[in-house]
Each structure stands twice: as C-alpha cells, then as structure tokens.
Amino acid sequence: MNREEIVMVCAPDISGQVRGKSFPLADLERRSRRGIGWVPTNVQITTFNSIADSPFGSLGDLLMVPDPDTEVRVDFGDGSPSEHFFLGNILYTDGSPWECCLRGRLSQALDALRAETGLELNSAFEIEFQFLDDSPGYGPGFGLTGLRKKKYFGEVYLAALRQGGVEPDSFLREWADHQYEVTMHPQIGIKAADHALSIRELARATAARLDDPVTFTPIRDVNGAGNGVHIHMSLVDGARNPATYDAARPGGLSEVAGQFAAGILHHLPDITAIVAPSLISYARLTPHRWSAAFNNLGLRDREAALRICPVAELPGMDVAKQFNVEFRVGDSAANPHLQLAALVFAGLDGIRNRMEPPAPTEEDLSLLSTGELEKRGLVRLPETLSEALDRLGKSEAARSWFGDLFLDVYVKHKRGELEFLDGKTVEDACRLYEQVY
Ligand code: GLU
Ligand code: MG
C-alpha cells in the first residue's frame, strides 16, 4: 500500500494525558512556523474524557507550536508506522504564552530559579508500571524469571527509548505483582520532563506493537504496592558544577540544596494535588507502602517524601557529582512538567526565604502523635484528593506561582474528574484508572 507519513504535535496536559493534533509530515516546516489551532476548553477534558467546568466555554483560539528540540521518531522495524511526535508550546495567537501551557509553566519556574540563584535543576525520573497481562511466570520480586518473562518487551522498549532520544539507565522487574521499573539518565532543565513523558509514551507504543498492555496507574490493588514516580534532583551552577553536596553539613546537603528541600517540604501539603492528582493516588500515599505519607526528609528512609540518596563512594567516584535528593510522592497520573514546575517553585521559595531543612527522619512516623509530629515541623499529607484540592485552592504561594486563571482551571478540572467518579468504590476507580494510564 502507498502511505504518507503523519506526525503529531502534542502537549502534556492537566489530566496527565498527552493530547494534540496530527498532520502530514510534508507540512512540518509550515506547521513549525505557524503551529496548529488549539481550543482553550480542551484543557478541561479529563482523563475519563468528560469535560470539567471550563471558564472558556466555546470561545477562544490558541496555537500549539512544535518545539524542534523535542522530536521523537521511532521506527520499530516491524513494518508498523513510526511513532513520530513533537512536544509543542501552547501560545495565544499573538505568540504570547498561554497560562495553561504546562511546558510554559515549567520553563517559567526554571527561568526564575536561574535568574534568582544562578542554578539549574538536574533531574532524572524513576517510573514504575505494571503489565495488565495476568498470565503466570512473573516470578518473585527482582527475579531473573521476571526479567526473562518481559525481556523481549524490555529490549524493544530500550531500543525505542534510545531512538527516541532518551538515555535509558535501567529496565528491571520490581517487587509488586506484574511490576517493572524504568529509569533514565539525568537531564538539565525541561529535557528531564520531556524524557519522562517519552518514557511513558514509548512504553505504550511498545505495548501496542507487542499487544502486551501496560499501565502506569498510581495503584492497581489498594491492598498492594503502588506505581510511584520518584524524581531525583540535584542543583548545578551555571558552569554545570554540582551544588548539592557539602560533607560538613547535616546529611551532606549543601546550604542551598537544604533550603531547596525545605521549600519543597514546607509547601508539599499544598502541592500534593499537583504531584499526586488522582482519586486513587491517596490509596498509595499511606504508611508502609514505601511511598510517602508525611512531609519529611529521610536519610535512609524509603517512606520519606524527600530522601537523601546514598551514593557510591568507591575509588575514583565523585560523591558531589552523584549527590541527589529523591522526591517520592509523585505518580504517573500527574504530568511530569507540572510536577517539576511545582517542585521548582516550592524549592526556590525555600532558597529565597532561607528555610531551614527539618532534621532527617529514620523512624516510622506513623507511630508519632500529631503533637509529636508538629514539634518536628512535620504533618500528615492530605489523605484524599478533595482535601488536597482544598489546600491547593487556598494556597497563596501556589496562586503567586501559577496565577489565578491556571489555579482555578486546575482545581475545577480535578473536581470534574472526582464528579465523574462519584458513587464509585475505590476498587471500581482503580479499574477505570488502570485503563487510562
Ligand atoms: N512502589 C513504591 C511507590 O509506590 C516504591 C518502591 C521503591 O522503589 O522503593 O513509590
Ligand atoms: Mg521502585
């Protein structure tokens, strides 16, 4: 058959989906200049395809303009059409940035960090997912049997990632039923979030080619482990020298990195609705699941919201270059750009106000009373999406970072998602979420 290649320009959105429009590849040059039309109310299409309350109604026009640095073109070599997309920025028709463009919000946060501190964010995403295939043979957690079961998938997937511009760091059998994990090499600035998006989309693209569906849903079984998104972050100066490590300070965190961490932990209860934005995210964010339930800094604690990561101190290894903190609250219902934007804005606020990081915890915080937690500057994170949205909506800080228009759109969007799920049990919601993520 004769075929003509189609390419898509798309953008990460509030629902954690990637949406856009496709056109003939032959028109790429023209589309790169003038973009493609986009409708403001599309921002309120929820992950279940319902439309949440929109301030835009049927009005308005925007442009989605492909960013040439984001091209992903993967030929699977099996005769199937290539996976070919660009990420786009959403602009008003006069070229000014649209408040609800999430890549734009991350760029704004990173620009503010650079302008106020001279620092850049270096980050890497560690993403868990599960196969929906219930056949036996996954074997025990971290086992060779489990790798063997999905090794063909893993090898096709790694090739796709590399062709798509992502440097894979690992593909492994995780602990939970049907669960695997993929990690990437760190990237400076927005590229890290772009790559995190490709990690999910190329897993789905591989799954479609091999007829072996996967899900990145926050949790499949409320009695089991969740699928987390752990974000490893370090700060580098303008010359790309590491700025996160200081052997003389508590936990080895440099003064500026400590303030950055303190800002994230201070604002965390207010931004939980952004980093963990589904109804079932809150089944994952409970004690004893190796996710996070409090706004704590942990030293060797995999239940900490922010964990100071161990580094290899073997001969010839540079500790400062490896040193990073891991944010463990997020999940894949959130899109990586907005997650990172919220973390950067919160961390920058910590630097700006010279916040003191709380002492690292190494014990089970679920055994402490609210009073004992309070004395140490710790709180339980919101326990439902609704509670988290109330906090976000009332956060003066989040309003100053994101502006009233975006924040109100975000809260309405997520309330619309909750309305769609109204009357359903958490188990029913898990079944629905595993199909859309
Ligand atoms: N599955 C855990 C989570 O939901 C993380 C387990 C781990 O890799 O430490 O975040
Ligand atoms: Mg893991």
Side-chain angles (χ1 to χ4, degrees), residues 16 123-132 138-143 146-147 150 154 157 168-186 196 199-200 203 214-233 264 268 271-272 274-311 324-334 336 339-340 343 360-362 364-366 380-383 385 388 426 429-430 433-434 437:
S123 63
F125 285 68
E126 175 183 327
I127 304 181
E128 293 171 335
F129 64 97
Q130 285 166 295
F131 285 90
L132 290 171
Y138 284 87
F142 300 102
L147 175 61
K150 295 296 175 186
Y157 181 32
D169 172 66
S170 65
F171 170 83
L172 55 93
R173 165 81 171 99
E174 244 283 358
W175 172 74
D177 287 350
H178 313 129
Q179 192 180 41
Y180 290 72
E181 176 174 297
V182 56
T183 59
M184 59 181 255
H185 281 278
I199 281 180
R200 278 172 275 206
V214 293
T215 181
F216 290 81
T217 188
I219 194 161
R220 281 190 80 194
D221 170 7
V222 290
N223 299 312
N227 292 309
V229 170
H230 302 171
I231 309 178
H232 293 261
M233 296 179 286
I264 290 176
L268 183 53
I271 58 170
T272 305
I274 288 181
V275 296
S278 72
L279 179 137
I280 58 171
S281 299
Y282 295 81
R284 175 179 164 260
L285 294 180
T286 50
H288 312 140
R289 280 175 209 266
W290 289 27
S291 61
F294 302 90
N295 65 337
N296 62 319
L297 178 68
L299 201 49
R300 286 184 179 76
D301 183 359
R302 285 185 179 73
E303 296 223 353
L306 263 187
R307 184 172 76 111
I308 301 173
C309 286
V311 290
N324 69 87
V325 289
E326 177 191 36
F327 179 71
R328 298 177 62 90
V329 182
D331 63 49
S332 284
Q339 259 174 343
L340 218 48
L343 294 177
T361 57
E362 289 185 77
D364 184 351
L365 297 183
S366 69
R380 177 74 171 87
L381 297 180
E383 294 185 51
L385 177 57
V426 181
C430 284
Y433 276 112
E434 74 183 21
Y437 291 123

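Whatever order the structure lists them in is the order used to number ligands and atoms, beginning at 1.
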Should you measure from each heavy atom of [X], which atoms of ligand 1 turn up under 4.0 Å away?
{"X": "E128", "result": "1 (N), 2 (C), 3 (C), 4 (O), 5 (C), 6 (C), 7 (C), 8 (O), 10 (O)"}
{"X": "R328", "result": "5 (C), 7 (C), 9 (O)"}
{"X": "W290", "result": "2 (C), 3 (C), 5 (C), 9 (O), 10 (O)"}

Identify the two heavy atoms, one from [X] and one from [Y], that lie closest to each other, and give their separation to 0.1 Å.
{"X": "Q130", "Y": "N227", "value": "OE1-ND2, 2.8 Å"}
{"X": "N296", "Y": "A304", "value": "OD1-CA, 3.5 Å"}
{"X": "L306", "Y": "M233", "value": "CD2-CE, 4.1 Å"}

Does ligand 1 come near enough to [X] that some N or O of the ligand is less than 3.5 Å from an N or O of the residue?
{"X": "A225", "answer": "no"}
{"X": "R302", "answer": "no"}
{"X": "R289", "answer": "no"}
{"X": "S291", "answer": "no"}

Checklist entry - When rounded to the nearest 0.5 angstrom, what is the spacing between CD in E303 and CG in L285? => result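 Output value for this atom pair is 11.0 Å.
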Item to check | Spacing of F294 atom CZ and R380 atom CZ [to the nearest 0.5 Å] | outcome: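 Interatomic distance, F294 CZ to R380 CZ, rounded to 0.5 Å: 5.5 Å.
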Item to check | E181 atom (N/O/S) at minimal separation from the Mg ion (ligand 2) | outcome: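 Atom name of the closest N, O or S in E181: OE1.
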Checklist entry - Of all N/O/S atoms in E128, which lies nearest to the Mg ion (ligand 2)? => result OE2
Next on the checklist: Could you identify the single nearest non-hydrogen protein atom to atom 4 (O) of ligand 1 and state the distance to 0.1 Å?
Outcome noted: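 It is R284 NE, 2.7 Å.
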Item to check | N/O/S from E174 sitting under 2.8 Å away from the Mg ion (ligand 2) | outcome: yes
Checklist entry - Just checking, K150 and F131: is the charged tip under 6.0 Å from the six-membered ring centre and within 45° of the axis? => result yes
